[in-house]
Amino acid sequence: MKLSPPPYQPKNTFTRWLDDRLPVIRLWHDVMGKGYLVPRNLNWLWNFGVLAGIALTIQIITGLALAMHYVASSNEAFNSIEAIMRYVGFGWLIRYGHMVGASLFFAALYIHMFRGVYYGSYKAPREVVWLIGVLLFMLAMATAFLGYSLVWGQMSYWAAQVITGLFSVVPFVGEKIRIWVLGGFAPNAATVNRFFVLHFTLPFVILAVVGLHVWALHRQGSGNPTGIEVKKAEEVVPMQPYYIAKDFVAICVFLLIFCSLVFFYPNVFTDPDNYIPANPFSTPAHIKPEWYFWPFYAVLRSFTVNFMGIPAKLWGVLGMGLSVLVWGLLPWLDNSPVRSGRYRPVFRCFFLLFLADILLLGFCGKQPAEEPWIRLGQWASLYYFAFFLVILPILPLVEKTKAVPSSIEEAEKKRTDA
Ligand code: HEM
């Protein structure tokens with residue numbers, strides 16, 4: 001049921017004047033203010049969308065400041081970053097803020113996505129919100145990869161080499177595409193320049209897509225942990241002041257963690273090899289991406305044999321591509337009429353196993369490409385794909401779900417009584 005919120009009423013001559021010409025206060029009222037009604041039972045997992053937005057803002061601000069001093073050239077890139085750290089006023093803060101911010105952005109994004117899976121947020125009528133989310137995830141991954149390459153340290157250089165090398169698996173034209181993307185046979189001056197342009201531009205594309213994401217969400221309204229749609233006016237509260245206040249608390253905690261990491265453990269997420277300038281003649285013993293790519297990197301390395309005349313490397317690239325794209329199929333893979341994991345005990349077990357599986361995949365992706373990590377990664381990849389492509393589609397046919405209460409109010413009353 002769609003409840004009609006109170007419309008915006010300009011209170012004085014100035015706001016009436018402005019509203020006629022540029023209704024920005026009305027927009028705030030409708031999107032973040034009293035005009036957006038939100039289920040009153042949202043838990044703290046519903047704060048992570050806003051936290052991802054805050055992390056994105058930190059990335060854009062620190063990124064702009066870095067770009068004022070960074071030199072996009074293969075000879076100067078590494079040194080310019082070291083100069084930012086040492087000689088630019090608060091350069092260390094800006095650079096560490098950008099490094100730590102990237103990790104916290106992905107942490108917030110992953111929690112936001114897993115929340116969506118557990119509570120069935122991808123189901124009708126929010127499929128488009130979900131699809132735009134998956135697009136955001138892919139854009140974020142591309143941006144992070146490009147940014148990491150810009151450091152032009154050993155790990156940056158070789159990560160760029162490995163990832164662009166994946167293009168060469170495309171039959172017939174692969175090698176041509178790889179050279180075209182790099183602007184040469186290996187990462188070089190042209191590569192740094194184009195990666196910089198793309199890394200600068202993409203965050204603004206992401207920002208625009210976040211606008212679409214929130215717009216699509218507002219068409220249908222927020223979901224909630226019960227998965228039951230709003231039926232009565234008593235089940236909602238206005239975004240302002242209730243969730244603005246709650247988001248404010250979450251942002252404070254987030255900033256506390258961010259500052260603790262920036263000031264005390266700025267390099268906790270980073271590979272020390274990236275403090276060695278790029279050397280095209282010396283391959284690091286163990287090339288690995290940043291932590292947020294480890295699970296996908298493990299999937300890539302899990303394909304070790306040629307099959308059906310297709311080389312293992314091509315299978316790896318297809319597997320890794322599918323491991324991301326499959327998130328976009330979720331609304332159609334899971335047909336359970338029950339939305340929230342709260343009322344799906346069997347789903348809940350498989351979901352917890354899925355979380356453990358992703359951690360295991362990540363752990364395998366971090367390790368050198370040798371046994372037992374490859375074999376373990378293969379089993380973990382198998383469960384990863386089975387969860388999406390077998391378990392979720394079959395579960396609704398066999399699962400006995402708990403009785404779903406008829407309203408949010410009844411569901412929450414039952415929970416507090418229990
Ligand atoms: C830049 C990245 C992103 C930003 C800034 C962002 C922001 C937001 C915000 C502010 C909300 C409303 C509050 C909330 O439910 O947490 C939201 C909701 C949602 N987001 Fe995202 N999001 C991002 C990425 C994603 C991704 C990667 C997915 C999934 C693949 C996703 C799926 C959803 C869904 C399904 C909802 C609706 C949840 C519900 O109301 O039940 N988002 N997002």
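Each residue takes its place number in the sequence, starting with 1. For ligands, and for the atoms within them, numbers begin at 1 and follow the listed sequence. Values in this document were obtained by computation on a predicted structure and should not be read as measured data.
Set against the non-hydrogen atoms of Leu136, the atoms of ligand 1 under 4.0 Å away are 2 (C), 3 (C), 23 (C), 24 (C). Numbered from 1 in the order shown, with element, the atoms of ligand 1 that lie under 4.0 Å from a heavy atom of Val210 read 1 (C), 5 (C). Of all the atoms in ligand 1, the ones that sit under 4.0 Å from a non-hydrogen atom of Phe137 are 27 (C). Within ligand 1, counting atoms from 1 as listed, the ones closer than 4.0 Å to a heavy atom of Ser222 are 40 (O).
Closest to atom 2 (C) of ligand 1, if we only count protein heavy atoms, is Leu109 CD1, 3.3 Å. At the top of the distance list for atom 5 (C) of ligand 1, counting protein heavy atoms only, stands Gly53 N, 3.6 Å.
Around atom 21 (Fe) of ligand 1, the two atoms NE2 of His112 and NE2 of His213 are separated by an angle of 170°, to 10 degrees.
Under 4.0 angstrom from ligand 1, the non-hydrogen atoms of Val134 come from both its backbone and its side chain.
Judged by distance alone, the side chains of Gln240 and Trp28 do bring a donor and an acceptor atom under 3.5 Å apart. No hydrogens or angles considered: nothing links the side chains of Gln59 and Thr143 as a donor-acceptor pair under 3.5 Å. Residues Tyr275 and Thr270 have side chains that never bring a donor and an acceptor to within less than 3.5 angstrom of each other.
Closest heavy-atom approach to atom 27 (C) of ligand 1 among the candidates Gly227, Gly133, Gly223, Ala216: Gly133. In this comparison of Gly116, Ala52, Ser340, the heavy atom closest to atom 4 (C) of ligand 1 sits on Ala52. Around atom 37 (C) of ligand 1, the closest heavy atom drawn from Thr143, Leu217, Ile132 belongs to Leu217.
Ring pair His112/His213 is perpendicular by interplanar angle, where above 60° counts as perpendicular and below 30° as parallel. The aromatic rings of Phe347 and Phe351 sit parallel, their planes meeting at an angle under 30°, below the 60° perpendicular limit. Using cut-offs of 30° and 60° on the angle between ring planes, the pair Tyr157 and Trp152 is perpendicular. In this pair, Trp327 and Trp130 present their aromatic rings parallel. The plane angle is below 30°, not in the 30 to 60° band. Using cut-offs of 30° and 60° on the angle between ring planes, the pair Phe196 and Phe200 is perpendicular.
Note: Trp44 CH2 to Lys246 NZ = 10.0 Å, rounded to the nearest 0.5 Å. One finds the CG atom of Asp334 at 12.5 Å from the CD1 atom of Ile394 (value rounded to the nearest 0.5 Å).
Looking at ligand 1, you'll find an N or O of Gly49 within less than 3.5 Å of one of its N or O atoms. For a threshold of 3.5 Å applied to N or O pairs, the pair formed by Val129 and ligand 1 contains no separation below that value. The shortest N or O to N or O distance between Arg115 and ligand 1 is below 3.5 Å. Distances between N or O atoms of Tyr122 and those of ligand 1 include no value under 3.5 Å.
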Q: Show the numbers, then the answer: is there a side-chain hydrogen bond (donor to acceptor under 3.5 Å, both in side chains) between Ser156 and Asn274?
A: CA-CA 7 Å; Ser156 302; Asn274 223 24; 3.0 Å; yes

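The shortest heavy-atom distance from Phe105 to ligand 1 is under 4.0 Å. Put simply, part of Trp46 is less than 4.0 Å from ligand 1, judged by heavy atoms. A heavy-atom separation below 4.0 Å is found between Trp130 and ligand 1.
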